[in-house]
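Heavy atoms only: backbone and side chains are in, while hydrogens, waters and symmetry mates are out. Start at 1 and go down the list; that is how both ligands and their atoms are numbered. All values derive from a computational prediction rather than experimental measurement.
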Amino acid sequence: MSFDRSIKIAPSILSADFANFSAEIQAIEAQGADWVHIDVMDGHFVPNLTFGPPAVKAFRPHVKTVMDVHLMITPVDPYIQAYADAGADILTAHVEAGAHTHRTLQAIRAAGMKAGVALNPGTPAYAVEHLLDLTDLVCVMTVNPGFGGQKFIDMTNKIRKLRSMIGDRPIHIEIDGGVDPKTAPLVAAAGADVLVAGSAVFKGGSVDNPEVYGANIKAVRSAAESATS
Ligand code: DX5
Ligand code: ZN
């Protein structure tokens with residue numbers, strides 16, 4: 001994975017057909033997805049339950065781009081090796097998930113993955129200030145995690161602060177929650193480069209009608225790019 005700050009669209013398969021993940025992943029990649037975002041929920045850190053390491057491992061052969069795994073679980077550390085074995089390229093843990101995020105990020109890198117750290121809407125930018133040298137991606141949640149299709153919460157001040165804290169370091173700023181063609185320009189102008197989008201990508205389309213995914217991805221990308229050029 002090489003680093004750049006161009007806009008990347010990462011559809012969240014939380015909004016895909018759960019009975020047809022392989023075809024859904026192939027469809028979004030064929031329609032222009034840059035990364036594939038996988039939301040792992042434990043029914044404990046967040047009030048919803050999705051899938052674990054065996055499912056993520058089954059997705060792996062279908063993902064030709066970047067498998068971006070967002071853990072909404074606690075504890076994290078006992079599962080890091082399982083997600084490395086499942087083939088995650090990026091593994092993101094929440095800073096609120098435990099007392100020792102510093103150790104968690106070291107362990108993610110030691111297991112051979114890129115390390116991400118996510119912040120809930122109520123968590124300030126400075127919570128990651130002393131973690132940045134161990135971090136490849138900061139994920140700014142613009143909804144309270146747990147469900148797709150929620151309303152965007154404006155976190156542009158936090159994104160600007162993070163962008164300035166990061167400076168020249170090769171660290172992505174990812175935005176997750178309520179990203180659509182209306183909100184994408186706000187977060188892109190503030191300094192985000194990876195835009196996760198679930199409902200905005202999958203709405204109206206299907207594996208039998210994948211061009212809709214393509215049009216939806218293009219709409220988010222063009223809106224974001226218009227704010228950065
Ligand atoms: C929220 C998840 C998101 C979610 C985004 O807990 O982390 O990735 O699927 O979905 P939308 O784009 O529908 O808000
Ligand atoms: Zn997510």
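Residue contact check: S12 has heavy atoms under 4.0 Å from atoms 8 (O), 9 (O) of ligand 1. Ligand 1 places these atoms under 4.0 Å from at least one heavy atom of V196: 8 (O). Within ligand 1, the atoms closer than 4.0 Å to a non-hydrogen atom of D39 are 2 (C), 3 (C), 4 (C), 7 (O), 8 (O), 9 (O), numbered from 1 in the order shown. Taking a cut-off of under 4.0 Å to the non-hydrogen atoms of P145, the atoms of ligand 1 that pass are 6 (O). Of all the atoms in ligand 1, the ones that sit under 4.0 Å from a non-hydrogen atom of A197 are 12 (O). Of all the atoms in ligand 1, the ones that sit under 4.0 Å from a non-hydrogen atom of G148 are 10 (O), 13 (O). For ligand 1 and H70, the ligand atoms under 4.0 Å from any heavy atom of the residue are 7 (O). Numbered from 1 in the order shown, with element, the atoms of ligand 1 that lie under 4.0 Å from a heavy atom of M41 read 6 (O).
Closest approach of L195 and A224 over heavy atoms only: CD1-CB, 3.6 Å.
Counting heavy atoms under 4.0 Å from ligand 1, residue S199 touches it through both backbone and side chain.
Judged by distance alone, the side chain of N48 and the main-chain N or O of M41 form no donor-acceptor pair under 3.5 Å. One N or O on the side chain of T183 and one on the backbone of G178 form a donor-acceptor pair closer than 3.5 Å.
Of the N or O atoms in G149, one or more lie within a sub-3.5 Å distance of an N or O in ligand 1. Between A200 and ligand 1, no N or O atom pair is found at a separation short of 3.5 Å. On a distance-only criterion, V179 and ligand 1 share no N/O pair closer than 3.5 Å. Residue contacts with ligand 1: M72 is placed with no nitrogen or oxygen under 3.5 Å of a nitrogen or oxygen of the ligand (distance criterion only).
At a cut-off of 2.8 Å, measuring from the Zn ion (ligand 2), the protein N, O or S atoms that fall short of it are H37 NE2, D39 OD1, H70 ND1, D176 OD2, waters left aside.
Ranking protein heavy atoms by distance to atom 12 (O) of ligand 1, first place goes to G198 N, 2.7 Å. The nearest protein atom to atom 1 (C) of ligand 1, hydrogens excluded, is given as F147 O, 3.6 Å; this is a heavy-atom distance. With hydrogens left out, the protein atom closest to atom 6 (O) of ligand 1 is G146 N, 2.7 Å, a heavy atom. With respect to atom 14 (O) of ligand 1, the closest heavy atom belonging to the protein is G178 N, 2.8 Å.
Under a hydrophobic-cluster definition in which Ile, Leu, Val, Met, Phe, Trp and Tyr are linked whenever side-chain heavy atoms come within less than 4.5 Å, directly or via other members, M141 and M165 are assigned to different clusters. Side-chain heavy atoms closer than 4.5 Å link hydrophobic residues (I, L, V, M, F, W, Y) into clusters, and following such links, even through other members, never connects V95 to L137.
For the residue pair T156 and D154, a side-chain donor N or O sits within less than 3.5 Å of a side-chain acceptor on the partner. Side chain to side chain, H100 and D77 fail the donor-acceptor criterion of an N or O pair below 3.5 Å. At a cut-off of 3.5 Å, with distance as the only test, no side-chain donor of H70 or D68 sits close to an acceptor on the other residue. Counting only N and O atoms by type, the side chains of S12 and D39 include a donor and acceptor under 3.5 Å apart.
A side chain to side chain contact (heavy atoms under 4.5 Å, CB included) with W35 is found for exactly one of I28, V63, I9, V66, namely V66. Exactly one of I90, I108, T92, L91 qualifies for a side chain to side chain contact (heavy atoms under 4.5 Å, CB included) with K114. That residue is I90.
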Before you tell me yes or no, could you show the steps for R60 and D89 under salt bridge (charged side-chain N to carboxylate O under 4.0 Å, His left out), namely the whole-Å CA-CA distance, both residues' side-chain angles and the distance that decides it to 0.1 Å? CA-CA 10 Å; R60 177 70 266 185; D89 294 304; 3.0 Å; yes

Side chain to side chain contact (heavy atoms under 4.5 Å, CB included) assessment of L71 paired with Y79: CA-CA 10 Å; L71 298 182; Y79 300 100; 5.7 Å; no

The test is side chain to side chain contact (heavy atoms under 4.5 Å, CB included); show your working for V36 and F59 and say whether it passes. CA-CA 10 Å; V36 176; F59 304 154; over 6 Å; no

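The shortest heavy-atom distance from G177 to ligand 1 is under 4.0 Å.
Using bins of under 30°, 30° to 60° and over 60° for the plane-to-plane angle, the ring pair Y213/F202 lands in the perpendicular bin.
Scanning D176, V220, V143, V201 for the heavy atom closest to atom 7 (O) of ligand 1 points to D176.
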